[in-house]
Enquirer: 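Next up is a structure, given as structure tokens.
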Amino acid sequence: MPELSPRRRLAVLAICCLSLLIVSLDNTILNVALPSLQRDFHSSLSGLQWAIDAYLIVLASLLLLSGSTADRIGRRRVFQTGLALFSVGSVLCSLAPSLGLLVAARVVQAVGGSMLNPVAMSIITNVFTGPRERARAIGVWGAVVGLSMAMGPLVGGLLVDSVGWRSIFWLNVPIGLAALVLTALFVPESRAPRPRRPDPLGQAFMILLLGTLTFAIIEAPGRGLADPAVYGAALVAAASLAGFVVHALRAPEPLIDLRFFRSVPFSGATLIAVSGFAALGGFLFLNTLYLQNVRGLSALHAGLFLLPMAAMTAVTAPLSGRLVGGRGPRLPLQIAGAAMLASGLLFAAFDAETRDATLFAAYVLFGIGFGMVNSPITNTAVSGMPRAQAGVAAAVASTSRQIGQALGVAVIGAVLAAGTSAEHPAASAFVSAARPAYWILAGCAAAVLVLGTATTGRRAARSAARTADLFGGDEPAPDARDVTGASAR
């Protein structure tokens with residue numbers, strides 16, 4: 001790919017961030033519309049979980065396939081296809097007459113969305129070739145993720161109250177079409193020097209694993225653990241995981257090369273992404289239901305209540321990117337873990353939702369933590385790999401985020417459903433039912449803190465360099481300061 005001018009590179013970054021904006025916003029904007037969906041479609045709590053998780057599961061299942069396909073047939077081509085599909089899926093969502101058809105339309109959205117994030121990250125990595133320049137670009141990328149996901153409840157609340165829940169999907173269409181045109185004008189085509197072959201068996205194992213695991217978690221409270229469908233799904237999930245690992249060890253080019261996980265920073269970034277985004281998914285699911293169903297707030301007022309979280313994410317996300325570029329990811333990960341842990345403990349141990357002051361403090365702390373966590377995940381996952389592996393590495397990081405968020409909604413929603421049975425009105429039982437869910441959230445935050453400390457530093461940097469050498473990259477591993485904040489030598 002020819003060297004681009006600085007202005008052209010910035011245009012490419014802006015276009016990629018535009019696509020990221022609609023995908024990330026869509027991950028969270030639906031949360032604030034859940035009570036409206038519940039009323040319109042007379043849905044159960046598990047139905048609401050599926051409205052969110054159907055999108056996340058399909059997205060997570062196809063991100064790796066989309067990343068490798070883009071490396072093979074052309075990143076711009078796949079990116080444009082994703083924008084078109086996502087826009088069509090958004091139109092279908094806005095027209096859905098039932099919850100089942102809404103879930104189906106969300107699947108169409110997710111197929112398109114899977115072609116956007118990892119492919120855009122691969123485009124950015126190949127356009128911004130210098131380690132520090134790349135770190136700054138990824139910092140901007142991470143800031144957009146954090147800001148858009150945190151702003152989802154506020155934007156969603158405004159649209160739901162003023163126009164209706166269907167309007168949250170209309171928002172995607174003009175942005176998607178604009179990005180489609182701008183991509184054709186400014187984004188150069190690129191491919192991997194040696195594209196990876198498809199891995200249909202590995203892809204099938206991944207879809208089975210995520211789908212059946214999520215089904216077992218979501219349906220267990222309503223059906224019971226002894227229900228054949230629940231324990232059957234759990235057994236299929238376990239078998240799929242075993243099959244995926246065995247196949248990945250034997251296949252010449254598996255969907256996920258398990259050698260990636262020899263890199264301590266890469267493995268740490270993957271686990272941190274799962275933990276951090278599980279906390280986000282559960283946090284938003286619990287709080288949007290609490291604010292509207294228990295406190296009786298409108299969608300807009302619920303979004304305004306969550307504004308402290310969004311504001312702090314907006315402030316700290318760009319700061320996190322600068323910290324990663326200047327000092328590495330350890331400090332922002334430690335701040336993220338500590339802040340989200342403090343927020344979770346305020347809910348779990350002190351019933352923060354029962355008082356406005358503690359509720360406000362918990363939202364501020366969670367916003368600080370989530371704003372800090374995203375940039376170091378992406379930078380650490382991508383920077384320790386050769387440039388030719390950027391698409392797959394970015395896709396693994398993105399997949400980890402979606403898996404974490406889907407599991408957060410599934411697990412925390414299941415815990416909430418188990419505690420708010422038909423015999424207990426949701427308003428009187430919510431705080432006690434949500435307490436164990438917040439302990440799970442606090443555990444996820446603690447994992448971010450511990451892993452952020454343990455998987456960064458000099459040893460981790462040397463591990464990343466050794467792992468990059470395994471792939472015979474077209475360039476040496478970057479200075480580990482770009483990855484961990486410490487020299488690899």
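Owing to the predicted nature of the structure, the values given are computational and were not obtained by experimental measurement. The first residue of the sequence shown is numbered 1, and numbering continues consecutively from there.
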Enquirer: R106 and F169: which non-hydrogen atoms are nearest, and at how many Å?
Expert: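 Nearest heavy atoms, R106 then F169: NH1-CE2, 4.0 Å.
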
Enquirer: Would you call the rings of Y438 and F347 parallel, tilted or perpendicular, taking 30° and 60° as the class edges?
Expert: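 Parallel, since the angle between the ring planes stays under 30°.
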
Enquirer: Of the non-hydrogen atoms in S61 and M206, which two are nearest, and what is the gap between them?
Expert: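 Shortest heavy-atom contact: O-SD, 3.8 Å.
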
Enquirer: What's the spacing between T288 OG1 and L34 CG if we round to 0.5 Å?
Expert: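 Reported to 0.5 Å precision, the distance equals 5.5 Å.
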
Enquirer: For R191 and I73, indicate whether the former's side chain and the latter's backbone hold a donor-acceptor pair under 3.5 Å.
Expert: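 Here the side-chain-to-backbone pair exists.
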
Enquirer: Please examine the side chains of F285 and Q405, heavy atoms only from C-beta on, and report whether any two atoms are closer than 4.5 Å.
Expert: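 Side chain of Q405 against side chain of F285, heavy atoms only: no contact under 4.5 Å found.
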
Enquirer: When the aromatic ring centroids of Y363 and F283 are compared, is their separation below 6.0 Å?
Expert: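 They qualify: ring centres under 6.0 Å apart.
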
Enquirer: Does any part of the side chain of L289, heavy atoms only, come nearer than 4.5 Å to the side chain of L416, both counted from C-beta?
Expert: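 Of all side-chain heavy-atom pairs linking L289 with L416, at least one is under 4.5 Å.
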
Enquirer: Quick one: closest heavy-atom pair of G176 and I22, and the distance?
Expert: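 That would be CA-CD1, 4.1 Å.
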
Enquirer: I want to check something: taking the side chain as every heavy atom from C-beta on, are V111 and V108 in contact at a cut-off of under 4.5 Å?
Expert: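 The answer is no; the side chains never approach within 4.5 Å.
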
Enquirer: Quick check against the 3.5 Å criterion: does Y55 have a side-chain atom that pairs as donor or acceptor with the backbone of V107?
Expert: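 Checking the backbone N and O of V107 against the side chain of Y55, no donor-acceptor pair under 3.5 Å is found.
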
Enquirer: Going by heavy atoms in the side chains, are M372 and L323 under 4.5 Å from each other?
Expert: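 With C-beta onward as the side chain, the pair touches.
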
Enquirer: Kindly compute the distance separating OG (S320) from CG (L331), expressed to the nearest 0.5 Å.
Expert: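 Result: 9.0 Å between the selected atoms.
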
Enquirer: One pair to check against side-chain contact (heavy atoms from CB on, under 4.5 Å): L280 and M309. What are the steps and the verdict?
Expert: CA-CA 11 Å; L280 174 72; M309 172 190 161; 3.8 Å; yes

Enquirer: What's the verdict on side-chain contact (heavy atoms from CB on, under 4.5 Å) for M340 and V448, showing C-alpha distance, side-chain angles and the deciding distance?
Expert: CA-CA 9 Å; M340 288 195 292; V448 172; 4.2 Å; yes

Enquirer: Would you sort out whether L407 and I412 count as a side-chain contact (heavy atoms from CB on, under 4.5 Å), showing the intermediate values?
Expert: CA-CA 8 Å; L407 289 177; I412 290 178; over 6 Å; no

Enquirer: Using modelled atom types and a 3.5 Å cut-off, is there a donor and acceptor pairing between side-chain atoms of T358 and backbone atoms of A352?
Expert: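 It does hold such a pair.
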
Enquirer: Quick one: pull up CG in L213 and OG in S240 and give me the separation to the nearest 0.5 Å.
Expert: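 Here the interatomic distance stands at 10.0 Å.
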
Enquirer: For V187, is there any backbone N or O sitting under 3.5 Å from a side-chain donor or acceptor partner on R76?
Expert: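 Indeed, once roles are kept as given, a pair shorter than 3.5 Å links the two residues.
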
Enquirer: Looking at side-chain heavy atoms only, is the closest gap between L63 and Q402 below 4.5 Å?
Expert: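 SC-SC contact between L63 and Q402 confirmed.
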
Enquirer: Take R9 and E133, measure what side-chain contact (heavy atoms from CB on, under 4.5 Å) needs, and give me the verdict at the end.
Expert: CA-CA 11 Å; R9 289 200 297 272; E133 184 184 45; 3.2 Å; yes

Enquirer: Tell me the closest heavy-atom pair linking P188 and V12, and the distance in Å.
Expert: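 So the minimum-distance heavy-atom pair works out to CD-CG2, 4.1 Å.
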
Enquirer: Any sub-3.5 Å donor-acceptor pair from S114's side-chain atoms to L59's backbone N or O?
Expert: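 Checked: no pair found.
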
Enquirer: Looking at CD of Q80 and OG1 of T183, how far apart are the two atoms once the value is rounded to the nearest 0.5 Å?
Expert: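 Q80 atom CD to T183 atom OG1 measures 6.0 Å (nearest 0.5 Å).
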
Enquirer: What orientation do F260 and F266 show, parallel under 30°, tilted 30 to 60°, or perpendicular over 60°?
Expert: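 Taking F266 first and then F260, their aromatic rings stand perpendicular (interplane angle over 60°).
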
Enquirer: So does L255 get a backbone contact from the side chain of Q203, meaning a donor-acceptor N/O pair under 3.5 Å?
Expert: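 Answer holds: no.
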
Enquirer: Using every non-hydrogen atom in the two residues, find where V415 and A437 come nearest and quote the distance to one decimal.
Expert: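 So the two residues come closest at CG1-N, 3.8 Å.
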
Enquirer: Working to the nearest 0.5 angstrom, can you tell me the gap between S90 OG and N172 CG?
Expert: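 Here the interatomic distance stands at 3.5 Å.
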
Enquirer: List the atom of H247, the atom of D199, and the distance in Å for their closest heavy-atom pair.
Expert: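 Looking at all heavy atoms of both residues, the shortest contact is NE2-OD1, 2.6 Å.
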
Enquirer: Kindly compute the distance separating CD1 (I403) from OG1 (T270), expressed to the nearest 0.5 Å.
Expert: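 Output value for this atom pair is 9.5 Å.
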
Enquirer: Decide whether T453 and Q334 meet the rule of one side-chain donor and one side-chain acceptor closer than 3.5 Å.
Expert: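 Result is yes, a qualifying pair exists.
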
